[in-house]
Amino acid sequence: MRALEESSSQLSAPPGCTEITLGELRNGVQLAPVMYGAQPTYRGEFSNQGDPATTDTALIRLDLNTAPGLYDLANGGTNLFTCEQCVWGVQDAGSSAEKLFVAESGKLLLAHKVSPQQTVGALSNVVLRQSVKAAPLSAPYTGSAPVAGGECRWIRFATWSTVRTGGCDPREGSWRPPLSNFTCVADNAAADDGTFEKSLGTKTQGQECTYTPPANDGELASTDCAPSYACSPEFTDSRQCLKTCDFMAADPGCPTGTVCGVYGLCIEQSVLEPIGYLFDPALVGETCSVNYAEFCGVEGARGVCVDLQRTGFGTCFKYERARSDCGSGEELGFVGYPLSGGGYDRTYGWCYPDGL
């Protein structure tokens, strides 16, 4: 990262481009309200170039499978539909005078990845070209096209970090520091972002538990659950220890009689259904008995029932996390869960044929 910064210091803004700076980026539980996009999307502000009374929004979106490395932003074609590593901004966001600027060229360095939602990176020599919305306009991911002779913004060098204290990746097989008596507890519905908690007890599945919040920003919460169990408030009035799991794993490892549900927690299906999480017995690829259900398939091969043809009966589409996991002619849809204050969680993804 230092070498990239040093090389950027020798550069000048391209002719006709105005240099801007990037403020702090946040994501997921760092935002108020909480917002988890269908792919990791970091949000902040650029230095103001328009009306001082309005915000110039800055966004970086990465395909969930983006690995640490250096990426050429020109590969995205100044198109928010085709880019896998996307950088863009909205000047005077939300006003009648708002303008869209999309990266045309430059470098994006993903230097460190704790989880898909918690990363450290840098931008160098990024040209953002004034753009307009372009087809597709109604897909989960919409397109953009540069404006001929449009305005230009330039970022010499900027860094970001969305890593939190105790941040971790709850997914099976993810790297975690060799810590005993700690549990990686998911912060989002599809459990690809988490925070460590100290597991100081021996309580296991279904036992009532005590959660002690961190004393300050530099410490971790603690519970009296055993390691690999979260002291969760998600499904009952009082907190209970629930085994953590990865619903995408071949064997989520839940105790007998439970399934790997939302937030990476093992819980009885009979608990989930009355609070609105619907199940259908159809296997992946089969026709469902209903038009929509959050869960179809079986443990280790879960999907979502969606009625794309409006027949009254959905198809069980396999869950996926990354847009790049979808095949040719497919797009990554999402199951959206509204959160308080206008927030949302769209991390449950599924691939469907879109014809594009």
Side-chain angles (χ1 to χ4, degrees), residues 1-9 11 13 17-49 55-76 78 80 83-91 93 100-129 153-169 174-175 187-188 192-195 217-218 322-323 343 346-347:
M1 190 180 293
R2 180 175 297 177
L4 200 63
E5 182 176 14
E6 290 175 353
S7 64
S8 300
S9 67
L11 301 175
C17 292
T18 301
E19 184 171 358
I20 59 175
T21 57
L22 175 65
E24 182 181 3
L25 297 181
R26 296 180 175 88
N27 183 35
V29 294
Q30 297 172 323
L31 296 166
V34 174
M35 290 184 283
Y36 277 108
Q39 294 291 267
T41 304
Y42 315 137
R43 304 168 185 272
E45 296 181 13
F46 285 123
S47 53
N48 199 288
Q49 297 297 313
T55 299
D56 288 359
T57 303
L59 302 104
I60 296 177
R61 187 183 73 217
L62 303 178
D63 183 87
L64 188 137
N65 285 337
T66 299
L70 186 64
Y71 295 88
D72 185 352
L73 294 174
N75 293 336
T78 324
L80 293 175
C83 57
E84 288 196 356
Q85 294 77 39
C86 312
V87 179
W88 76 101
V90 181
Q91 181 176 303
L100 174 67
F101 290 85
V102 179
E104 175 183 80
S105 61
K107 301 296 183 184
L108 181 148
L109 173 66
L110 187 60
H112 180 57
K113 186 174 183 178
V114 172
S115 78
Q117 313 288 347
Q118 299 184 64
T119 64
V120 177
L123 303 174
S124 173
N125 194 25
V126 175
V127 173
L128 296 149
R129 189 67 59 182
R153 302 288 182 262
W154 181 66
I155 303 170
R156 178 190 304 275
F157 181 79
T159 62
W160 82 83
S161 174
T162 58
V163 176
R164 307 188 301 271
T165 298
C168 59
D169 188 342
S174 62
W175 182 88
D187 291 306
N188 59 0
D192 64 24
D193 188 36
T195 305
D217 290 341
R323 198 178 180 204
R346 299 170 179 168
T347 51

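Everything quoted here is computed from the prediction, not taken from an experiment.
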For L4 and A122, work out which heavy atoms get closest and say how close. CD2-CB, 4.4 Å
Worked check of side chain to side chain contact (heavy atoms under 4.5 Å, CB included) between L11 and F157: CA-CA 10 Å; L11 301 175; F157 181 79; over 6 Å; no
Any side-chain heavy atom of V120 sitting closer than 4.5 Å to one from M1? yes
Summary of salt bridge (charged side-chain N to carboxylate O under 4.0 Å, His left out) pairs that have at least one residue in residues 108-126, sequence neighbours excluded: none
Determine the sole option in L62, T347, D169 for which the side chain to side chain contact (heavy atoms under 4.5 Å, CB included) test with P116 is passed. D169
Only one of V87, N27, L59, L31 clears side chain to side chain contact (heavy atoms under 4.5 Å, CB included) with Y42; which? N27
Are the side chains of L128 and I155 in touch, meaning some heavy atoms are under 4.5 Å apart? yes
Could you verify whether a donor N or O on one side chain and an acceptor N or O on the other, from T18 and Q49, lie under 3.5 Å apart? no
Between D193 and S115, is there a side-chain donor-acceptor contact under 3.5 Å, judged purely by atom types and distance? yes
For residues 101-111, which side-chain N or O atoms pair as donor and acceptor with protein atoms under 3.5 Å away, sequence neighbours left out?
unit_1	atom_1	unit_2	atom_2	d
E104	OE1	R129	NH2	3.1
E104	OE2	R129	NE	3.2

Look at the side chain of R26 and the backbone N and O of A32, then say whether any donor-acceptor pair between them is shorter than 3.5 Å. no
What heavy-atom pair brings C83 and G76 nearest, and what distance separates the two atoms? CB-CA, 3.7 Å
At their closest point, which heavy atom of L64 faces which heavy atom of A322, and how far apart are they? CB-CB, 3.8 Å
T162 (side chain) donor-acceptor with Q117 (main chain) under 3.5 angstrom: yes
